[in-house]
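Everything on this sheet refers to the single structure shown next.
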Amino acid sequence: MSSPAPGHDTIEDLRRRIAACTLCAEHLPLGPRPIARFSATARILIIGQAPGTKVHASGVPWDDDSGDRLREWLGVDKATFYDAAKVAQMPMGFCYPGRAAGGDAPPRKECAPRWHDAVLGVLPENRLTLLVGVHAQARYLPHLKKLSLTERVRRFGEDLPFIALPHPAWRSRLFMERHPWFGRDILPALRAKVATALR
Ligand code: SF4
């Protein structure tokens, strides 16, 4: 059974409707467990990919090694990161999508068209949006689709209010080794932007 279509409702209504979503349940090996956090005051929006098994089990977004790395990149502690009044979490797919060759499957394609506009509608307009990984960048920076991930990341500041970042999975260590400018130039500038948005 699918959930009702998004409409005009309160944030609590929207949270409840997302929590009850079963739109693509038949494709989810562990069943629906939507993970998204948002509020009307969150000036930072993180659009990631989809929960992994650990996050599916805990129900806490970025509750894994990738989350630790992302918090280090942003220069924020856990208390700030998990304060929905300050930081919103809206992955491309809200539920664990299962496995594919070489890792987790991509986010379910039904999810962002179903829910993103409704969530964006309750967030403040003057927000900084971090596009973490290629799936979020494909949706929100479609004019840059011919660029590589590296080229999009290197454009830091040119696509504001969007900032493209690599996914902070373990492979990102290789990215940082190959591209020392990321740690040297981008991360300090990113931390400054995040600090300003949180002020
Ligand atoms: S992934 Fe998204 S669309 Fe699919 S059941 Fe979960 S919340 Fe609904």
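All values below come from the heavy atoms of this structure, side chains included, with hydrogens, waters and symmetry mates left out. Owing to the predicted nature of the structure, the values given are computational and were not obtained by experimental measurement. Read the numbers this way: they start at 1 and go in the same order the structure lists the ligands and their atoms.
The heavy atom nearest to atom 1 (S) of ligand 1, considering only Ala19, Gly93, Pro107, Cys24, is found in Cys24. Nearest-heavy-atom check against atom 2 (Fe) of ligand 1 across Pro51, Cys111, Gly31 picks out Cys111.
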Which atom pairs, donor and acceptor, lie under 3.5 Å between side-chain atoms of residues 184-192 and protein residues at least two apart or in another chain?
unit_1 : atom_1 : unit_2 : atom_2 : d
Arg191 : NE     : Glu72  : O      : 3.2
Arg191 : NE     : Trp73  : O      : 3.2
Arg191 : NH2    : Glu72  : O      : 3.1

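In this structure, Arg154 fails the cation-pi test against Phe182, since its NZ or CZ atom is not both closer than 6.0 Å to the six-membered ring centre and inside 45 degrees of the ring normal. In this structure, Arg71 fails the cation-pi test against Trp62, since its NZ or CZ atom is not both closer than 6.0 Å to the six-membered ring centre and inside 45 degrees of the ring normal.
Contacts of Tyr82 classified as ring pair (Phe, Tyr, Trp, His ring centres under 6.0 Å), with partners at least two apart in sequence or in another chain: none.
The Cys21 neighbourhood of ligand 1 comprises atoms 3 (S), 5 (S), 7 (S), 8 (Fe), with distances under 4.0 Å to a heavy atom of that residue.
For atom 4 (Fe) of ligand 1, the N/O/S atoms of Cys95 include none lying under 2.8 Å.
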